[in-house]
Number of protein chains: 2
Amino acid sequence: MARTTSNPSKSLGEQAYARIRHEIISGVFAPDQPLRLAQLQERCGAGFSPLREALTRLAAEGLVVSESMRGFRVAPLSLDDLRDTMETRIFVEAEALWRSIERGGDEWEMRIVSSLHALGRQNERTQPDDPDSLAALEERHRDFHVALVSASGSRRLEQIIDNLYLGSVRYRMPSLSNMPSNPSRDLMAEHGAISEAALARDAARAVGLLTAHYRLTADVLSLAHSERMARTAGR
Amino acid sequence: MARTTSNPSKSLGEQAYARIRHEIISGVFAPDQPLRLAQLQERCGAGFSPLREALTRLAAEGLVVSESMRGFRVAPLSLDDLRDTMETRIFVEAEALWRSIERGGDEWEMRIVSSLHALGRQNERTQPDDPDSLAALEERHRDFHVALVSASGSRRLEQIIDNLYLGSVRYRMPSLSNMPSNPSRDLMAEHGAISEAALARDAARAVGLLTAHYRLTADVLSLAHSERMARTAGR
DNA sequence: AATCAAAAGATTTTCGAAAATATGTGTTTC
DNA sequence: GAAACACATATTTTCGAAAATCTTTTGATT
C-alpha cells in the first residue's frame, strides 16, 4: 500500500489516534464538535476501521464521547469538570510526591533537575504566537511534573496521574496562547521552589507548594474558561 | 441483517465488548492468552471491525494488552499489580468515603442500606459451584462498595474507583469459586460494620474499617494468587 | 549439525462497498 | 397551524476480501 504522507513504522490506526488526539488537545477540534467519519477519512487518509478504532480509544480516555449509532463528538469542557479534575490531581499527586520524596533515589533527583532545566530553556525561547513552541513548552511542563512524582513506586498512581493530566491539558492550551506572559505570576519561580523542597526531602513543604501551584493554576484556568464561555455564548 | 443469537438493541461492537470483558473477568480467557481475531469472530459472530474496536477499548481499560502488528492478549496478572491495585484502592476509596460521609444525604444512606441488604440476600442464596450466582454475588459486592463512596461529589474519583475495581476483580473471581465458605472470615459482618460506621457519620472509624477490610482481602487474594501461580508453573 | 534465506502459512490490519440506522423534508390530515 | 406519516438524504456500523506484516517451515550451504 502506498502511504500518501510518510511511513513512521506505525499502523494507520496509531497515526490517526495520535493525530486526532493532538488536534483535540490543541483545540483544532472544538469541544462538543461532532467528529464525522467521512471528514476524518479525508483529513487522516485512513479508512473507517482504523478511524473508529482511534475514536474508541480516545473515548475510553475521555477525550471524546460516543453515542451508540450516532457517532462521536469531542468531549465537552465545563467549569465543574475543570475544578474536579484539578482537585483530584492535587489529591493524587500530593500522595505520589510524598512517596517519591520518601523513596526517590539519584535517578529521581536527576530527572527532576534535568526536566526543570529543560523547562526553563524552553520557557526562554517560547514565542506566544507560535503554536509549535507552545506545544513544546506544555510538553516540558508535563515532563517536569511527571518527574516530580515518578518515584512513587505505584504504576497505578502513575496511570491515574497521566489520565488526569490529559483531562486538564485542554483547559490550559487556549490560555497559553491568549496570555502571552502572565503578569502577576512567576511560574518558573514556583517550579523552582517545588523542586528545591523535593530535593531537600522536605515532603510537607513540597506538597504544600505543589498544592498551591495547582490551586493557582486552577483559578487562572477557571477564569479563562469562564471568559471563553461568555465570549462564545454571545456569538 | 440476521442476528444469530438475539437483538438487545445494541451494536455488535457493544455486544462483543461486553462478552469478551465478561469472559476475561470470569477467567474463561486466561491471563496472557492471545486473543485471535478468527477465533473471536467465530465465538462472537461479529466481523473484524467491531471486534478490533472492542479489543481496543478493553486495552484502554487495561484488561487486554495490544502489541502493534501482533494482535491482542489478555492482560497478565501479577502479585505486584495486585498489591499496587489494592493499596491504590485503599488510598482513593478512603478519601471518597470520607467525603461521602461529610456530604451524603438521604439518597446516599438509602443506597447503602439497600445494597447491603441485597448483598446479604445474594450471599444466602449463592452456591459456590454455580458461576452465575457467583457473578451475581460479585455484582452485589461491587454495588455495595460503590454505594459507600457514591456521595463524594467527584466524577473523577468515581471513574478512578471504577477502573481500580476492574483491575482487582480478576484476582477475586477465581478465589470465590475455590473457597466455598471462607473459614476465618465473616465478610457480612465486616460489611455491616463499615455500613454502620458510615451511617453513624463516624468517618475515622468507617475509613479504618474499610481499609482493614481491603487489606485483609488483599492478603487473602495474594495468597490465593501465589498458590495458583505455583500450581500453574508446575504443569 | 548449525546457519541462513527464501518460501509458505498464519495473523493482523486496512479498505471500500453494502446494510442498518438516524435525520431532514415535504405532504397529508385534522 | 400542529401532529403524523412517508420518503429522501446523511451517517454510522458491519462485513469480507485484499494488502501488509509476522511466524514457521523448508532447503540449501558451510
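Keep in mind that this is a model prediction, so the values were computed, not measured. Here is how names work: the chains are called A, B, and so on, in the same order as the sequence lines, proteins then strands, and each is numbered from 1.
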Which nucleotide in the list [options] gets nearest to the side chain of [X]?
| X | options | answer |
| --- | --- | --- |
| L12(B) | dT13(D), dT14(D), dT13(C) | dT14(D) |
| F48(A) | dC15(C), dA17(C), dT11(D) | dA17(C) |
| R36(B) | dT13(D), dC15(C), dT12(C) | dT12(C) |
| P50(A) | dT12(C), dA22(C), dC15(C) | dC15(C) |

How many Å lie between [atom1] on [X] and [atom2] on [N], as a whole number?
| X | N | atom1 | atom2 | result |
| --- | --- | --- | --- | --- |
| R73(B) | dT12(C) | CZ | C1' | 15 Å |
| F72(B) | dC22(D) | CZ | P | 15 Å |
| L55(B) | dT13(C) | CG | C1' | 13 Å |
| E53(B) | dT14(C) | CD | P | 14 Å |
| Q39(B) | dA10(C) | CD | P | 16 Å |
| Q15(B) | dT14(D) | CD | C1' | 12 Å |
| E67(B) | dC22(D) | CD | P | 12 Å |
| R52(A) | dT13(C) | CZ | P | 17 Å |

Mind running salt bridge (Lys or Arg N to Asp or Glu O under 4.0 Å) on R19(B) and E23(B) for me, showing each step along the way? CA-CA 6 Å; R19(B) 175 159 189 176; E23(B) 304 202 311; 3.8 Å; yes
L51(A) near the nucleic acid: base, sugar-phosphate alone, or nothing, with a heavy-atom cut-off under 4.0 Å? nothing
Restricting to non-hydrogen atoms, name the atom on S150(A) and the atom on S100(A) that form the minimum distance, rounded to 0.1 Å. N-OG, 3.8 Å
Could you tell me if R156(B) and T85(A) have a donor-acceptor pair between their side chains, going purely by distance under 3.5 Å? yes
dT12(D), OP1 or OP2 - any side-chain N/O from S11(B) closer than 4.0 Å? no
Would you say a side-chain N or O of R70(B) is under 4.0 Å from OP1 or OP2 of dT23(D)? yes
Of L37(B) and S49(B), whose closest DNA chain C nucleotide lies nearer the 5' terminus? L37(B)
Centres of the H145(B) and Y165(B) rings: under 6.0 Å? no
For Y171(B), check ring pair (Phe, Tyr, Trp, His ring centres under 6.0 Å) against everything at least two apart and list the hits. H225(B)
